[in-house]
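What follows is a short report on a single structure.
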Amino acid sequence: MRFKNYALPIAFLFLLGCGSKGEQKVAIEPVNVKVMTMSYNGDAGQQISYSATVKENKEISLTFQVSGNITAMNADKGQWVKKGQLLATLDATTFTEQYNTELARQKLAQDNYNRINDVYKKGSIAEIKLVEAKSNLDQTTSTARAAYQNIVHTKLFAPSDGYIGEKTAEAGDLASPGSSIFKLVKIEQVDVIVPVPELEINNLKKGQPAIVRIAALGDKKFEGKVDEIAVIAEDASHNYNVKVTVNNRDRQLKPGMIANVYFPENGKTKGTDSAKLSIPLSALQVNEQNQNFIYTVDKSSSKSVRRLVNCGPILDDRVTITNGLSAGDQVIIAGYQKITSGTPIKIIQ
């Protein structure tokens, strides 16, 4: 009878213990992350940076005005040349022979004119004969002069100081009129081509100052001015090209260099609102629908939250957020690679 009294409580405790063990949950280890608290303070003074490319201010295509075999090429690509420097020559043999022939005809016409003129002065010949002789002399003189110019045109000289940007022929090639032999670029002043988004193009004015920074030159800064603002956008990007001219007397700026351009106005960049929030560019991600998103912290649950945002201009290595964030929000800027929305997180310094 005692056994029967204890059997039911023991069985009940056994079943209760089994049920509790089956309902135990495995704790998920939180992911360590670093965060940045959004604040409007500290954004003032940041400048909108536009990626740009340096181009030569002027490019001159150098060609021969006559055809012939090239006998010498006296300049190489990248070489600095001075105005009047001989760059290339053609074989002038044929043109020299033509000139000598025309020169002989001119001499004959001159002698004929002199004889007829002496006879005319004596009144022994009609005036029409003198006029014909003079016309023939003028014609042969012009032809000889043209033949001589062909000889002159067998030499190609630099029209101004500059760099040889392109060399498209070699000695032995056949040159023809209008075919480019060299391209001479002038970089005492350079153009910096800046693609500007359509939402910001109307903020810029011709003559407005600009700051050009070149990473390849140790982030050296150059001052320039807006010279041209395109009125037709590029088809693919819908950006408008803005041309900034920069003095380059020491010729440090080279065509093709990558630049960052700022348009300061009263100490700030035109179009920059100091009340905008910005985050590190690395924290911004893109989903399958090509939407920008970031991860923020849900303070009540210490979990990550995936949040869609709208982006504005890039500020150096940061991007402005125009919609989707507020002051006080905590944006995850490190460790976001290991989380999804709803992942438990632990904020570390």
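Reckoned from all heavy atoms, side chains included, excluding hydrogens, waters and symmetry mates. Counting from 1, the numbers follow the sequence of the chain as shown.
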(message) Quick one, Glu200 with Tyr50, criterion side-chain hydrogen bond (donor to acceptor under 3.5 Å, both in side chains). Give me CA distance, side-chain angles, the key distance, then yes/no.
(response) CA-CA 11 Å; Glu200 301 166 32; Tyr50 300 91; 2.4 Å; yes
(request) Look up atom CD in Gln330 and atom OG1 in Thr37, then write down how far apart they are to the nearest 0.5 Å. (result) 4.5 Å
(message) For Thr143 and Arg105: C-alpha separation, side-chain torsions, deciding distance, then whether side-chain contact (heavy atoms from CB on, under 4.5 Å) applies.
(response) CA-CA 9 Å; Thr143 305; Arg105 290 177 180 173; 5.8 Å; no
(request) Would you give the length of the straight line joining atom CG of Leu184 to atom CD1 of Ile164, rounded to the nearest 0.5 angstrom? (result) 5.5 Å
(message) Which residues pass the ring pair (Phe, Tyr, Trp, His ring centres under 6.0 Å) test with Tyr99, not counting sequence neighbours?
(response) Tyr148
(request) Output all residues satisfying ring pair (Phe, Tyr, Trp, His ring centres under 6.0 Å) with Phe157, sequence neighbours left out; order by chain, then residue number. (result) none
(request) Decide side-chain hydrogen bond (donor to acceptor under 3.5 Å, both in side chains) for Glu188 and Asn57; before the verdict, give the C-alpha distance in whole Å, the side-chain angles of both, and the deciding distance to 0.1 Å. (result) CA-CA 8 Å; Glu188 290 83 359; Asn57 180 258; over 6 Å; no
(request) Give a yes or no on whether Ile187 and Met257 share a hydrophobic cluster (residues Ile, Leu, Val, Met, Phe, Trp, Tyr; joining criterion: side-chain heavy atoms under 4.5 Å apart). (result) yes
(request) Report the C-alpha distance between Glu132 and Asn136 in whole Å, list the side-chain angles of each, state the deciding distance to 0.1 Å, and finish with yes or no for side-chain hydrogen bond (donor to acceptor under 3.5 Å, both in side chains). (result) CA-CA 6 Å; Glu132 290 175 353; Asn136 186 47; over 6 Å; no
(request) Among Asn202, Asn203, Val242, find the residue that satisfies the side chain to side chain contact (heavy atoms under 4.5 Å, CB included) test when tested with Val196. (result) Val242
(request) Decide, yes or no, whether a salt bridge links Asp138 with Lys134 under the criterion of side-chain N to carboxylate O below 4.0 Å. (result) yes
(request) Calculate, to the nearest 0.5 Å, the distance between atoms CD1 and CD1 belonging to Ile333 and Ile279 respectively. (result) 9.5 Å
(message) Run the side chain to side chain donor-acceptor pair (under 3.5 Å) test against Lys225 and tell me which residues pass, sequence neighbours left out.
(response) none
(request) Decide if atom CD1 of Ile232 counts as having more than 12 heavy atoms of other residues, nucleotides or ligands within a radius under 6.0 Å. (result) no
(message) Can you list everything that forms a side chain to side chain donor-acceptor pair (under 3.5 Å) with Asn287? Sequence neighbours excluded, please.
(response) Gln291
(request) Just do the side-chain contact (heavy atoms from CB on, under 4.5 Å) check on Phe222 and Asn247 with the steps written out, would you? (result) CA-CA 8 Å; Phe222 299 82; Asn247 287 327; over 6 Å; no
(message) Under 4.0 Å between a side-chain nitrogen and a carboxylate oxygen: does that hold for Asp111 and Lys107?
(response) yes
(request) Only pairs at least two apart or in different chains count here, so list each salt bridge (Lys or Arg N to Asp or Glu O under 4.0 Å) that has a residue in residues 277-306. (result) none
(request) Supply the atom-to-atom distance Leu325 CG to Asn310 CG, rounded to the nearest 0.5 angstrom. (result) 10.5 Å
(request) For Gln106, enumerate each residue passing the side chain to side chain donor-acceptor pair (under 3.5 Å) test, keeping only those at least two apart in sequence or located in another chain. (result) Thr141
